[in-house]
Each structure stands twice: as structure tokens, then as C-alpha cells.
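A short worksheet on the structure shown next.
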Amino acid sequence: MPSTRRSVLRAATGLSSLTVAGCQSFSGDSEPTEKPQTDPVTDYTVVTLRRADGAPYRYTGNRRSGESLVVGSSDDIDALSFPTDGSKADEFGSFVRETDFEERSVLLYRRRVSECDRQHVESVWRRPGSLSVTLCRERRAADVDCSTDTEVEVGIAIRVPFTSDQFDQPTASTSSECTDRFGPRDTTTEGA
Amino acid sequence: MRRTVTRRRALGTTGTILAALAGCSTLSTGTRYDEERLRDIAEEAIPDPSIQFPFTTPSSMIAFHRDRARAFLEQVPESVSLPNAATARSIENERSALADRVDSESREADDSDGESDEDSRRTPRERLSDWRRNRVEAARLLGRYRAATGDIERSALRERRDAIRSDRADFVAAHAYRSTDPTSAVHQHLVLESMLRTVTRELEPYPPFPEAPTADPDEVGYLVGKMVRAEATLSDARRYRDQLPDDGDSYRPAMMATATWLRRRARRTETALERYLEQGVSALDGDVSGTPRESWFRVAREIARDHSNSELLDAIGESSYAGAVLEAGRRRTALSTLETVVDEIEGGTYGGRLSMAQLASLRERAVSNVQSTLQKQDRFGRRLVEPAVDRIRDGSQRLGSGASPESVNRAAGRFAYAEYQAPQASAVADEVRNLLTSAGE
């Protein structure tokens, strides 16, 4: 699949490139510095699942934790099970299972959040051989009935345009504020 | 641009050749300087170009913001009941913290009548700023609470914002740039122009009011806070303007003429310096790499380019007359300094490695020249010499953090810039004052 891989790489590293690997940047008369290539990944898709009772997915593989997973093959799928009690749960499981692993992979996260909060994907960035994901937390509407003493489990599946052999285990961080909170909500990536 | 300093240039060229023959061309990798002695030089005093605020801030201005802040706060209950318990707790916590601050600062203000130690450290202008901020934060909290409880309408916010916009237009229409003398006029009206810019910025109708305020109480609070900051800033600007004499001269035409004259004079200098501004170090005669000259020239060129003709035209076009005069002065100073720096470099000044004593002496000369400008007690001079002070500070920090010849050369380039900029700032300050006076006659 060489052409596909090339197109995938182009998709991620094309016009949106912020800096170019190996290029030297100069500022005033300061020392030239080398900066690694870092590109925002924009063509990813997110599906989330919010569960008040039970986990959004279960992992039975041999990795130490199932909190953060890279799903890149049917073998990886075999180590996962998803709830089937409702259309949102079905959608979440199908989204992960039906990924074309010849071209893409899924980053899967499980997080506990307050019942009054929601979890979004803030950004995905790519460096050579690695990905970094920033999640963010946001307060739900003031007229939503919720308690600060109750937590729910949230599953987040991010389908990225790279096969799993193109990067190592991604780093993930969570911001306590979503910086794009102003403006219309992006309904295609509604948080959970 | 003087291009006929042939003796100097000849000496400079000879110096460069001799330096290269003597092995000085490899200075970029030469012996490191003594870090301790560099730190001693770096820690010498840095001049202070600050100027006195040109208005007084009576306690009634501060009390006005304090009363408004308390009034906003009183409309948010201590115990908030909402379906979303986290939002309710967050508003309660914010209210509690703000109430504590308001109480504490109110006590300090009461004590300050008796000159308490704590409050006497804050100037009246700083306390005004503190209370304006408290007022804005209380308004933001109230907006947030009202959005969370569904008790705020888009139309109410829009009407209030339109009313402030109308008040701003009245202020601008009546702004005659009156003062007692041209220097005071520029410095007083710079403050008012800056405040008007804040009002304009805070009145920008962005972000839009959310479709569902209960889903975005923070966003609604932010919008209310912006609007109140515009209102509070405009009210302070009115109080400051009221301190100006009604029968003082109007300096608006004089400021416009001065900015335009200075712009034309600077334009001529810029044309003469075009190749240095466009091409950078490659336009200089001879190789300046590995010497303080390289940094010296780069700093002078960068500052000259920062003060472009188009930026000045923008200031004039925005009817920021006082701002245009200051920017025209800065541009004139930057270009005149670059002209002098080019002449000096091509004449051979600061062409080789500096000894520690030469470096210390260079910094002393820079400080001394800046002090000479400051000692003239001229507010234009103090404003125009700021880039020199910044370069002394920057150069001193570099000396404190690096002992390589490259690092020292960069610091030396900045001191050299300050050394030659300060007399130019002083000369341009005289020029600005004379032009303002001529235009006003």
C-alpha cells in the first residue's frame, strides 16, 4: 500500500505544517535553533460514550492498563468488548470495530469525570513517530441536573489517518478548560 | 546618509584586515570571558525612564468603582441553587473569593486615610485600577449567575452596549485636545487615547451572545465583563478629561502637523538607508561577523524596521493625534540612530574583540548618555529613550547568562545601540517640542 501510506502522510503533514524538520529558524540575531516537525492532525473523527453504570469498553489483552489503547488490528479488537445496551453504545462499538486498519487506527481512552462535566478532544498533534492528544473538560449546561458527588465513565474513540505501526504509544494530557469554548459547538465532535 | 567618511572607512577597512591577519577572525570561537567579572558589569544600575502620570486620581473615582462592585456582588446570592450542582458551587466559590477581596481592599482603603503601611504602597492610580478590575469581575460573576438562572436577555446586553458606544462617540466629538502647553498636551492625551482604545476593544461585539445562555454562563459572564470594563474605562477617561482646562489651547492641529512633518523628515532618512534596511548586514562595507558591530547593526535595523511608515500612517488615520506624535518621534529616532550606527560601523567603531575594561566602559557610556537625556527632565526625551534603556537591560541579562565571545558581542551591540540612541532621542525630543510649538503659533 505504498501510495496509500504516502497519501496518509501527506494528509497529516501537508499545508498545515508549522515547522519543517531540520530547518533552522532565525530570530533577530539570536542563535539559530533546530525545531522538530510538529503538525496538527485535523482529519480525525471522534465518537464518545458516556456511561453512568458500567464501563464504555472492557479490555482483556496483555497490556498493563486499558485506560489508553491503540487499536490497530483485528487482534486488538479481539481483546476488547463493548456494551450493547442502546444505540449510543452500539455506535461506539461499531465505530471502533469498523475502522479500516489498513489505513487508519483508533486511539481509545477511558476516563472518569464528574457527572456535571463533559470531556472533549481538544487537539491531536503529530511528531515523527509519535502522536500527542489533548483532551479537555467542560462544564455541562447549568440547567442539567447533576451532582458533584457522582462520577461517570467516558469512552473516547479517536480515529486517526495513520496505521498503528506509524507511531508509538501516544501521549495524552487533559486540560481543565476547552480553549475553543467560544463560538458555535462543533456537533460532529460533541463531547461526552 | 553620509557616505563620504572616507578616512574612517579606510581606517575601518585597514583595521578589519589587520584583525583578520592577527587571527581575530576566529574570535567567534575564541576564549570565553570571565563569568564573575561579566556578572559584575551586568549588575550595574539600569536607568529608570518612567514618567509621572499626567492626571490626579481623586478618591471619588475609586469610590465610584467600589460602590458599583459591591452593588453587583449583592445581586449574586451567597447560596446558589441550580440543577447543575458544579456550576452552583463554582459561582458560590467565586462570589466568596471576590467578596473577601472586596472587603479586604475596602478595609485597606479605609485605613489608608490614616496611611496604613499596606495601602500606602499602592498609588491612587493603582487603587483605581484594582477597583475597576473588582467592578468588572463582579459584573462578570453577576452575568454568569444570571445566565445560569436564565435571567438575562441578548437584547438587554445589546442595548446597554449601544448606549456606551454612543457615550464614546460623544466623548470623541468633544475631545479637543486642550492643555496648557504642547508637551503636557501630548502626554495627557496619550493617556486618554489609550483609554479610548480599551473602550473600543471592549465594545467589539465578540463573541456573539450564545443561543442558550444556560449552556454557556461563562461566555455570557465574559460578555458582561467586557461591557462593564468599557463603561468603567470611559467613565474614568471622562473624569481625567475634566481635569484639563476648558480655556486651554486645542493642540489637535499642532499634533497632526507635527506628526506629518516628522513623518516626512523620517521618510527622507529612510530612503537614504534603504539598502541597509532591505539587505541587512550584507549592505555594510566589510565583514562584521564575529564582532559587536554585527549585533549593533542588527539591533538598530530591527528597531528602525519596527517603526514603519505604514504603522505611523495607521496612527494618523485612526485620529490618535498624540499617539501619532509619539510614534513619529520614535520612528525619527530609530532611523536617525540607524544612520549614525551605519556611519560608525563603516568608520571602524567596535570592530574587534572587546577587553573586559572596554566592555565595562562601553556600558558606562551607554548609561551615562541615557542619564544625560533623562536629566533634561523632558517627557518626550524620557519616552524616546526607552529603547536604549531596554537594550541596556537586555544586554546586561545576556552578560549574566553567557560568557562566550558571541554572547558578549551581542550584549556589547546592545550597549553600543543605547550609547548612540540616547543622544538621538534627546535631539528628536527637542525637535518634537519645537515643531509642536511652531505649529501651535
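Order of the sequence lines fixes the chain letters, A, B, ..., with proteins taken first and strands second; residue numbering starts at 1 for each chain. Below, each value reflects all heavy atoms present in this structure, side chains not excepted, and no hydrogens, waters or symmetry copies.
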Of all heavy-atom pairs linking A/Arg140 and B/Thr87, the shortest is O-OG1, 4.1 Å
If you compare all heavy atoms of A/Arg139 against all heavy atoms of B/Ala86, which two are closest, and at what distance to 0.1 Å?
NH1-O, 3.3 Å
For B/Glu153, does the CD atom have more than 12 heavy-atom neighbours from other residues, nucleotides or ligands under 6.0 Å away?
no
Does A/Arg58, at its CZ atom, have more than 12 non-hydrogen atoms belonging to other residues, nucleotides or ligands within less than 6.0 Å?
no
Heavy-atom contact with chain B under 4.5 Å, split by part of A/Ser147
backbone
Sidechain-backbone polar pair: B/Asn84 side chain, A/Cys146 backbone, donor-acceptor under 3.5 Å
no
Heavy-atom cut-off 4.5 Å, strictly under: side chain, backbone, both or neither for B/Ser90 against chain A?
side chain
